Amino acid sequence: MVSSGVKNLDFTDGAMNKYVYLAILKRNLKQSASNLGISRHFKLYQDNEKKHIADICNLWVLYHCPGVIKTPAQSPDLNTIEHVWDYLQQKINEHNISNKQELRKHLIEESTKINGSFSAKLIKSMSNRLREVIKCKGGPTRY
């Protein structure tokens with residue numbers, strides 16, 4: 001997700017693990033950054049999920065990402081993408097979906113409808129989110 005919208009949804013079959021996550025990074029991260037014109041200027045935000053911080057993934061990110069937003073262990077999940085998933089869930093619930101292909105089709109359609117102002121608002125809220133975490137000393141926030 002960038003301030004102009006959501007790009008390159010990736011679908012997996014089965015369980016997500018560090019190898020699947022690494023494959024997604026390899027397939028999409030550089031391509032998405034290039035397509036958005038931010039190849040040299042983006043920062044990857046990911047939480048402390050085990051697959052995200054696995055050595056194999058950290059090593060790849062170290063060599064292929066211009067910047068990473070570090071989060072401490074057990075930090076609150078501030079990832080703005082959670083709001084995008086909630087939005088997509090609401091939109092998907094409006095459709096009568098009976099199989100994976102229809103789900104994928106509708107997810108792609110609905111994600112392309114997410115406008116830049118929605119994404120930009122979420123991204124601009126990061127500084128407020130961080131201030132709130134500091135104010136709450138790492139405890140629960142309204143986000």
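Small disclaimer: the values here were computed from a predicted structure and weren't measured.
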Open item on the list: For Thr12, give me all partners under side chain to side chain contact (heavy atoms under 4.5 Å, CB included), at least two apart in sequence or on another chain.
Closed with: Asp10, Met16, Val20, Ile24
- [ ] Could you tell me which non-hydrogen atom of Lys51 sits nearest to which non-hydrogen atom of Asn17, and how far apart they are?
- [x] CB-C, 3.9 Å
- [ ] Say whether, by atom type as modelled, one donor and one acceptor occur between the side chain of Ser119 and the main chain of Gly116 under 3.5 angstrom.
- [x] no
Task: Glu132/Arg129 ion pair, N-O < 4.0 Å - done: no
Task: More than 12 heavy atoms of other groups within 6.0 Å of Asn96 CG - done: no
Open item on the list: Among residues at least two apart in sequence or on other chains, which ones pass side chain to side chain contact (heavy atoms under 4.5 Å, CB included) with Glu109?
Closed with: Lys105, His106
- [ ] Supply the atom-to-atom distance His95 NE2 to Lys91 NZ, rounded to the nearest 0.5 angstrom.
- [x] 8.0 Å
Open item on the list: Under a 3.5 Å threshold, yes or no: a donor from one side chain and an acceptor from the other, between Asn93 and Gln89?
Closed with: yes
TODO: Not counting sequence neighbours, list each pair that qualifies as a ring pair (Phe, Tyr, Trp, His ring centres under 6.0 Å) and has a residue in residues 23-43.
DONE: none
Task: Path from Trp60 to Val68 over hydrophobic side-chain contacts below 4.5 Å - done: yes
Task: Rounded distance [0.5 Å steps], CZ in Arg104 versus CD1 in Ile108 - done: 8.0 Å
Task: Separation between CD1 of Ile92 and CD of Gln90, rounded to the nearest 0.5 Å - done: 11.5 Å
Task: Student check: side-chain heavy atoms of Ser125 and Lys121 closer than 4.5 Å - done: no
Task: Between Tyr21 and Gln46: side-chain donor-acceptor atoms closer than 3.5 Å - done: yes
Task: Nearest-0.5 Å distance, CG of residue Leu25 to NZ of residue Lys30 - done: 11.0 Å
Task: Charged N-O contact under 4.0 Å between Asp55 and Lys18 - done: no
Open item on the list: Donor-acceptor pair, distance only, cut-off 3.5 Å: does the side chain of Ser34 make one with the backbone of Gln31?
Closed with: no
Task: Non-hydrogen side-chain atoms of Phe11 and Leu9 separated by less than 4.5 Å - done: yes
TODO: Heavy atoms only: give me the nearest Leu88-Ser111 pair and the separation to one decimal.
DONE: CD2-N, 3.7 Å
Open item on the list: With rounding to the nearest 0.5 angstrom, report the OH to SG distance, Tyr45 to Cys65.
Closed with: 15.0 Å
Open item on the list: Check for me, please, whether Phe118 and Trp85 land in the same ILVMFWY cluster - side-chain distances under 4.5 Å, paths through other members count.
Closed with: yes
Open item on the list: Between Ile53 and Leu62, is there shared hydrophobic-cluster membership here, with clusters defined by ILVMFWY side-chain heavy atoms closer than 4.5 Å?
Closed with: no
Open item on the list: Just verifying a value: how many Å separate Leu44 CG and His52 NE2, rounded to the nearest 0.5 Å?
Closed with: 8.5 Å
- [ ] Grab the two heavy atoms, one from Thr80 and one from Ile123, that are nearest each other, plus how far apart they are.
- [x] CG2-N, 4.4 Å
